[in-house]
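Written below as C-alpha cells is the structure these notes are about.
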Amino acid sequence: MERPLSRFEGVNCQRPLTSSTSSSPAPATIRRPPSQGNRDIGANMRWSKTFIHTLRQDPADAEVVSHKLMTRAGLISKVAAGIYNSLPLGWRSIDKMSDIIREEMETAGAAELVMPAVQPAEFWEESGRWAQYGPELLRIKDRHDREFCFGPTHEEIITDIVRRSIKSYKQLPVALYQIQTKFRDEIRPRFGLMRGREFLMKDAYSFHADVEDLDTTYRAMERAYCRIFERCGLAYTPVEADTGNIGGSESHEFMVLADTGEDAIMSCPSCGYGANVEKAQTGAIAAAPAWPLAENDAPSEVNTPEMRSIEEVSKFLGVDPAHLIKTMIFESDEEFVAVLIRGDLEINEVKLKNFLDCTHLQLASEAKIEQITGGPQGFSGPVGLEGIRIIADPTVMDLKQAATGANTLDTHLVGVVPGRDFQPADIVDLRTAKAGDPCPNCSEAMIEKRGIEVGHIFKLGTKYSTAMKCNFLDAEGKENPMIMGCYGLGVGRTVAAAIEQNHDDKGIIWPLPLAPYEVVLVMLNSDKPDVVEAAEGLYTQLKDAGFDVLFDDRPERPGVKFNDMDLIGFPVRIVAGARGLAEGNIELSLRSGGEKTLVPITDMVETVRKTLDEIRAQLPQ
RNA sequence: CGGGGCGUAGCUCAGUCUGGUAGAGCGCACGGUUCGGGACCGUGAGGCCGGAGGUUCAAGUCCUCUCGCCCCGACCA
C-alpha cells in the first residue's frame, strides 16, 4: 500500500466522543444462548479436559510483558518469528474481542464478510501496488507458476467485489468488514503479538457517492472504535495521524497508552489535541536568544577545526544551538535537497517526505554531500549553495543572525542573515514536535506519551476506485469513481495491549470483557469426597446459570493453583476447599484486588451474579 | 541489510576460554510422606549439544560454511 502504513489501512479519529455509556443493562452472564451454539457447554469449561499449560519461567525469547505473560499463561505459543499459535485460552480472549468488534461494526452499519488470504497478482497490478509494494508483500506462486500474494490488506479485493455489484448512487453507501488473518513480511517482527507478521485484523471498507457521506461513515467508525476500546476497559487516545502518500484526507490512529508502545504521541493536557509525532504540529516556537556576537554586513568565516556537531560548534563559537542553521542533505526518489532547521530542533522526516511527495527518502551519503556542497559532512550550509533545492523550516527564517557551515573543511560562517545571504526555494514546517512544545491550538505545553497503535482509520478517497474503475452513475447519469474509506483494527494486538496495560508482577489482570473466562472455580482438597461433591455441585449450578466459568478440577496443590489463577488472571475467583466448606462457605475474590469474602455455598450463584454485575456497571455497555 | 547476542533434555540454563564417557533446577512417570500460596524423599524415562563439512587418536568444546531465534539500528515510511 502505499503508505505502508502503520499497520492498518485506515484512518483515525478526532476527539473521541466522550464516554458513551448508555445504560441498556447487559444481559450479563450469558454470552450466547445455548441454543445458538454456545461453545461453553462441554469439556472446555473443565481444566482437566481443555488445554491449558502454564509456564513457570519467562520464555527466553520474550522481551515485553504482554509477550511474556501470554506465553507463560498458555495463551499463545511461537511457531516462527512473528508467527504464533493462538491456544484455546488465548483464542477465547481473541474471540471475545472479535465479538465486541462485530457488535460495534454492525451498529456502525457495516456487514461482515470474509475475503481470501491468498490473492491473485492481477488485482494488485490493476491498482499499481504490485510494483509499489516492497518486500513486505509476501509473493507466492501456484503450481502453474501464476503469481499470488498473501494479503497484507484487502483494498483490491473489496474494490473488485463492490464494482461488480454496485452501479448506482442509489445503492450507496456500502460498508463491509471482515476479521481475517493478514500477513505482512515485516523486516523485524517483535514483541509477540505486538508486531507479528501473521496477525488477525479487522478491516472495514466503505464506499460513497460523495465526501459528505464518507464523512458520516468515518464519524460512525470513529465512534465505533471509541466504544470498542472503552468496552474493553482500555486507556486509549485517538490521535491525528499521517496519511502517508494517500495525501489530503483525514486519518486517525487509536493508541493504547503504554510505555512499551512503539509510537510517540504528542498531546495537549489543556485542549485535548493529540497527534502522532509523525504528524504533530506545534504552536510558535520561542525565538532564539539575542545574538551574542557582533553583527556583520556579510557572513564571515571562522576556523572551526574538527567541529562537526551542533553542540561542538555552538560551544566553540559562544552562541546558542538555536543560532545555528542545521543543514542536512537528503536524497529522495529523484533529487537531492538541502533541508535547513534551527540547530536546537529536529527534522521530521515524515513531514519532509509528505512535502516532497516521494516514496523514498534517506540522508545522503558522505560522498554525495561532498560532491554537492563542496565540503565534508558536518560543514554544510546554505550560503552560496547552488545546484540543489533548499528547503527551510520557518524557524530558520526567523533568525536575525545565524551561524552555519561554510561548505569548507573546518570552517563555519557567522553573521549569516537568512533572506539576505541565502534564499530557500520553500519554507515549510518540518519540525519534529517534542515534549514542552506549545500546542498548535492553545499554546499550552504539550506532553509526550508512548502508545500502541491498535486502530487506524482513513479517508482513502478515490485512489483504488479510480485505478480499478469502481464507478457509479450519479443522479445526472454521469459516471464517477466511488469515494472510499478504510478502517483497520488489530485484534490480537489489542488483546496484547490490554495486557500491557493490565498486569502486576504475578500475571495478567484481565478486563472482564476480554478474560478467557470471567469466573474460575478452584477446587482444593480434591482428595476429600465431600469437597469434590460440593465443588462439582457448585460448578453445575454456575454452568447451568450460564456463567462463563472455568472449573479447575485438577488434583494440584493449592499453591500451584493459586499461582496459575494469578498468572492467567481470571477476574473472579471462587475457591472451594475443605476449610471453608466445613462451615458451608466458599471463598470469593477478585483478581483486581480487594478482600476475600466468605459466602455460604447456597448463596454463591447469586453472589457471583451480583459481583459480575458490579464489575460490568463500571464498563460502558 | 549492518551491528551485537544466543541455539545443549519439554522449559530455564551450566558446561565451550583450557578437546578426553552429557549436566543442574523445574516439568514428566512410578513409590512414599505431604496438602490453603509454585512441598519433600527415593527411583526412573528423556539429548544426533540447530545442521553440514573440516582439524584431531579423540569435538558440545577448535576452524569454515550454513540455518534458526532474540536485541539495536537502517529500511519499510
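Order of the sequence lines sets the chain letters (A, B, ...), proteins ahead of strands, with each chain counted from 1. We use all heavy atoms of the structure for the numbers below, so side chains are in, but hydrogens, waters and symmetry mates are not.
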(message) Does A/E533 have more than 12 heavy atoms from other residues, nucleotides or ligands lying within 6.0 Å of its CD?
(response) no

(request) Describe the nucleic acid contact of A/G577 in one word from base, sugar-phosphate, nothing, applying a heavy-atom distance below 4.0 Å. (result) base

(request) Once you apply the 3.5 Å cut-off to both distances, tell me the Watson-Crick or G-U wobble partner of B/C40, or none. (result) B/G32

(request) Spell out, as yes or no, whether a donor-acceptor pair under 3.5 Å connects the side chain of A/D393 to the backbone of A/L430. (result) yes

(request) In whole angstrom, give me the gap between the P atoms of B/G36 and B/G73. (result) 49 Å

(message) What's A/D566 touching, base or sugar-phosphate or nothing? Going by heavy atoms closer than 4.0 Å.
(response) base

(message) Between B/U56 and B/C13, how far apart are the two C1' atoms, rounded to whole Å?
(response) 30 Å

(message) If I pick the C1' atom on B/U21 and the same atom on B/G25, what distance separates them, to the nearest angstrom?
(response) 23 Å

(message) Could you tell me how far apart A/K528 (NZ) and B/C35 (P) are, to the nearest whole angstrom?
(response) 8 Å

(request) Name the pairing partner of B/A45, where a pair is Watson-Crick or G-U wobble with both distances under 3.5 Å, or state none. (result) none

(message) Using modelled atom types and a 3.5 Å cut-off, is there a donor and acceptor pairing between side-chain atoms of A/K279 and backbone atoms of A/V239?
(response) no

(request) Hunt down the Watson-Crick or G-U wobble partner of B/C57, both distances under 3.5 Å, from any strand shown, or write none. (result) B/G20

(request) Kindly say whether A/S66 contributes a backbone atom to a donor-acceptor pair with the side chain of A/E500 at under 3.5 angstrom? (result) yes

(message) Which nucleotide wins on minimum distance to the side chain of A/E136, given the candidates B/C76, B/C11, B/G37?
(response) B/C76

(request) Find the partner of B/G2: check Watson-Crick (N1-N3 plus N6-O4 or O6-N4) and G-U wobble (N1-O2, O6-N3) distances, both under 3.5 Å, and reply none if neither fits. (result) B/C72

(message) Nearest whole Å is fine: how far is B/U34 C1' from A/N525 CG?
(response) 12 Å

(request) Counting heavy atoms from C-beta on, name the nucleotide in B/C11, B/A77, B/G37 closest to the side chain of A/K353. (result) B/A77

(message) Strictly by Watson-Crick or wobble contacts shorter than 3.5 Å, is anything paired with B/C65, and which nucleotide is it?
(response) B/G51

(request) Say whether, by atom type as modelled, one donor and one acceptor occur between the side chain of A/Q501 and the main chain of A/L257 under 3.5 angstrom. (result) yes

(request) Can you tell me, in whole Å, how much space there is between the C1' of B/G23 and that of B/C65? (result) 30 Å

(request) Just call it for A/E587: base, sugar-phosphate, or nothing, with non-hydrogen atoms closer than 4.0 Å on any strand. (result) base

(request) Please measure how far the P atom in B/G47 lies from the corresponding atom in B/A22, and state the result in whole Å. (result) 14 Å

Write down the protein N/O and nucleotide N/O pairs, taken from nucleotides 39-42 of chain B, whose separation is under 3.5 Å; answer none if there are no such pairs.
{"unit_1": "B/A39", "atom_1": "OP2", "unit_2": "A/R557", "atom_2": "NE", "d": "3.3"}

(request) Taking A/K326 for its side chain and A/L345 for its backbone only, find out whether a donor-acceptor pair lies under 3.5 Å. (result) yes

(request) Would you check if the side chain of A/D429 reaches a backbone N or O of A/R431 as a donor-acceptor pair within less than 3.5 Å? (result) yes

(message) In this structure, how many angstroms lie between the C1' atom of B/C13 and the CD atom of A/Q57, rounded?
(response) 8 Å

(request) Figure out the CZ/P separation between A/R195 and B/A77, and round it to whole Å. (result) 13 Å

(request) Determine the interatomic distance between C1' on B/G60 and the same-named atom on B/G50; round to the nearest Å. (result) 12 Å

(request) Return yes if some donor-acceptor pair links the side-chain N/O of A/Y464 with the main-chain N/O of A/I158 below 3.5 Å, else return no. (result) no

List every contact pair, protein side and nucleotides 69-73 of chain B side both N or O, where the distance is under 3.5 Å.
{"unit_1": "B/C69", "atom_1": "OP1", "unit_2": "A/A81", "atom_2": "N", "d": "3.0"}
{"unit_1": "B/C69", "atom_1": "O3'", "unit_2": "A/K78", "atom_2": "NZ", "d": "2.7"}
{"unit_1": "B/C69", "atom_1": "O2'", "unit_2": "A/K78", "atom_2": "NZ", "d": "3.4"}
{"unit_1": "B/C72", "atom_1": "OP2", "unit_2": "A/R188", "atom_2": "NH1", "d": "2.7"}
{"unit_1": "B/C72", "atom_1": "OP2", "unit_2": "A/R188", "atom_2": "NH2", "d": "2.3"}
{"unit_1": "B/C72", "atom_1": "OP2", "unit_2": "A/R190", "atom_2": "NH1", "d": "3.0"}
{"unit_1": "B/C72", "atom_1": "O5'", "unit_2": "A/R188", "atom_2": "NH2", "d": "3.4"}

(request) Measure across A/E222 and A/F254 and return the closest heavy-atom pair with its distance rounded to 0.1 Å. (result) O-CZ, 3.9 Å

(message) What is the separation between atom CG on A/N585 and atom P on B/G36, rounded to the nearest whole Å?
(response) 17 Å

(message) Taking pairing as Watson-Crick or G-U wobble with both contacts under 3.5 Å, can you name the mate of B/G25, or confirm there isn't one?
(response) B/C11

(request) Measure the distance from CD on A/E583 to P on B/G36 and round it to the nearest whole Å. (result) 16 Å

(message) Counting the atoms with a prime plus P, OP1 and OP2 as sugar-phosphate, which does A/R573 contact under 4.0 Å by heavy atoms, base, sugar-phosphate, or nothing?
(response) base

(message) Has A/R450 got a side-chain atom pairing as donor or acceptor with A/E262's backbone, closer than 3.5 angstrom?
(response) yes

(request) Round to the nearest Å and state the distance from A/E556 atom CD to B/U34 atom P. (result) 19 Å

(request) Determine the Euclidean distance between corresponding P atoms of B/A74 and B/G51; express it in Å to zero decimal places. (result) 35 Å

(message) Under a 3.5 Å distance rule, please check whether A/T432 uses its side chain to pair with a backbone N or O of A/I347 as donor and acceptor.
(response) yes

(message) Over all strands shown, is A/P59 touching base, sugar-phosphate only, or nothing at heavy-atom distances under 4.0 angstrom?
(response) sugar-phosphate

(request) Using the P atoms only, state how far B/G19 lies from B/C62, rounded to an integer number of Å. (result) 9 Å

(request) Identify, between A/G134 and A/R72, the residue whose nearest nucleotide on RNA chain B lies closer to the 5' end. (result) A/R72

(message) Quick check against the 3.5 Å criterion: does A/T462 have a side-chain atom that pairs as donor or acceptor with the backbone of A/S465?
(response) no

(request) Take the protein atom CG of A/N348 and the nucleotide atom C1' of B/A77, then report the distance between them rounded to whole Å. (result) 11 Å

